[in-house]
Amino acid sequence: MFKAGSVALVLAAVLVAASCGGSSSGASTPTTPTSTGVLAQTTITITISGSNGKTAFSPNPATVDKGQLVVFKNADVVTHHIMLDDGSLQTADIPPGGSSAAVAMGTSGSSTYHCTIHPTMVGGFNGADAEPPPCNQAYC
């Protein structure tokens, strides 16, 4: 009787393991995640050229959705530091040839930004057209 109980216990364990996603061949089949209605996360890269004014960034203006990731890539020979004009977001210093960390946009509306080191370098998102400030600094 003890043997029959042991065999039944082992058989029950095998059935439980098989019902948890196992297959008779021992290989598991990956499942495809279902859509949750959230847009696929893409990253927008904005290249810093080092020019003054509206040509300092490309694309300018850039089109982004709320929560979309943005990376600033420094193609210039000097360091830059990008900040949204409303102060809600900024990068760390971006050395020549470097890129910022990816930052998630807080809004899908239009907004403008500039380089805090070189304030005449301006850009915008979603149709915003940034104008450089009047030049009264050494970086003009």
Side-chain angles (χ1 to χ4, degrees):
M1 187 73 140
F2 182 69
K3 275 187 170 181
S6 297
V7 171
L9 185 59
V10 169
L11 182 58
V14 169
L15 288 173
V16 167
S19 69
C20 291
S23 66
S24 61
S25 66
S28 63
T29 304
T31 59
T32 304
T34 59
S35 173
T36 60
V38 177
L39 294 175
Q41 186 76 317
T42 58
T43 301
I44 301 295
T45 300
I46 298 174
T47 303
I48 304 167
S49 69
S51 303
N52 285 326
K54 299 174 188 178
T55 59
F57 302 98
S58 179
N60 188 14
T63 302
V64 297
D65 293 321
K66 183 175 183 173
Q68 189 163 24
L69 299 176
V70 175
V71 171
F72 289 90
K73 180 174 175 39
N74 188 353
D76 196 7
V77 295
V78 297
T79 299
H80 295 283
H81 185 111
I82 310 306
M83 175 183 258
L84 263 61
D85 290 341
D86 67 5
S88 65
L89 185 97
Q90 67 178 308
T91 68
D93 286 353
I94 309 168
S99 294
S100 71
V103 291
M105 292 301 297
T107 180
S108 59
S110 58
S111 58
T112 55
Y113 59 90
H114 65 280
C115 175
T116 61
I117 301 170
H118 312 101
T120 59
M121 297 176 67
V122 296
F125 293 111
N126 300 329
D129 191 21
E131 291 294 330
C135 187
N136 58 3
Q137 300 181 21
Y139 296 107
C140 301

(Q) Please find the pair of heavy atoms, one from Ala56 and one from Ser51, that lie closest to each other, and give the distance. (A) CB-O, 2.9 Å
Q.
Quick check against the 3.5 Å criterion: does Ser49 have a side-chain atom that pairs as donor or acceptor with the backbone of Thr55?
A. yes
Q. Is it true that Ile44 and Val71 fall in one hydrophobic cluster, defined by side-chain heavy atoms closer than 4.5 Å?
A. no
Q: Taking all heavy atoms of Gly123 and all of Asn60, pick out the closest pair and write down the distance.
A: CA-OD1, 3.3 Å
Q: Measure the CG-OG1 distance between Leu69 and Thr45 for me, rounded to the nearest 0.5 Å.
A: 10.0 Å
Q.
Would you compute the distance between atom CD of Gln68 and atom OG1 of Thr43 and round it to the nearest 0.5 angstrom?
A. 7.5 Å
Q) Is there a chain of hydrophobic side chains (I, L, V, M, F, W, Y, each step under 4.5 Å between heavy atoms) that links Phe57 to Met83? A) no
Q) Below 4.5 Å, heavy atoms only, C-beta onward: do Val70 and Ile46 meet side chain to side chain? A) yes
Extract all donor-acceptor atom pairs below 3.5 Å that involve side chains of residues 93-101 and protein atoms in other chains or at least two apart in sequence.
from, atom 1, to, atom 2, distance (Å)
Asp93, OD1, His81, ND1, 2.8
Ser100, OG, Phe72, N, 2.9

Q | Spacing of Leu89 atom CG and Tyr113 atom OH [to the nearest 0.5 Å] | A | 11.5 Å
Q.
With a 4.5 Å cut-off on side-chain heavy atoms, are Ile48 and Ile82 touching?
A. yes
Q: Mind checking side chain to side chain contact (heavy atoms under 4.5 Å, CB included) for Thr63 and listing every partner two or more places apart, or none if nothing turns up?
A: Asn126
Q) Taking all non-hydrogen atoms of both residues, which atom of Asp65 and which atom of Met105 are closest, and how far apart? A) O-CB, 4.0 Å
Q) Distance from Thr91 atom OG1 to Asn74 atom CG, nearest 0.5 Å? A) 9.5 Å
(Q) As an exercise, state the distance from OG1 of Thr112 to CG of Asp85, rounded to the nearest 0.5 Å. (A) 3.5 Å
Q: Measure across Ala104 and Gly67 and return the closest heavy-atom pair with its distance rounded to 0.1 Å.
A: CB-O, 3.8 Å
Q.
Testing the 3.5 Å rule here: is there a donor-acceptor pair between the side chains of Asn52 and His118?
A. no
Q. Of all heavy-atom pairs between His80 and Cys115, which one has the smallest distance, and what is that distance?
A. ND1-SG, 3.4 Å
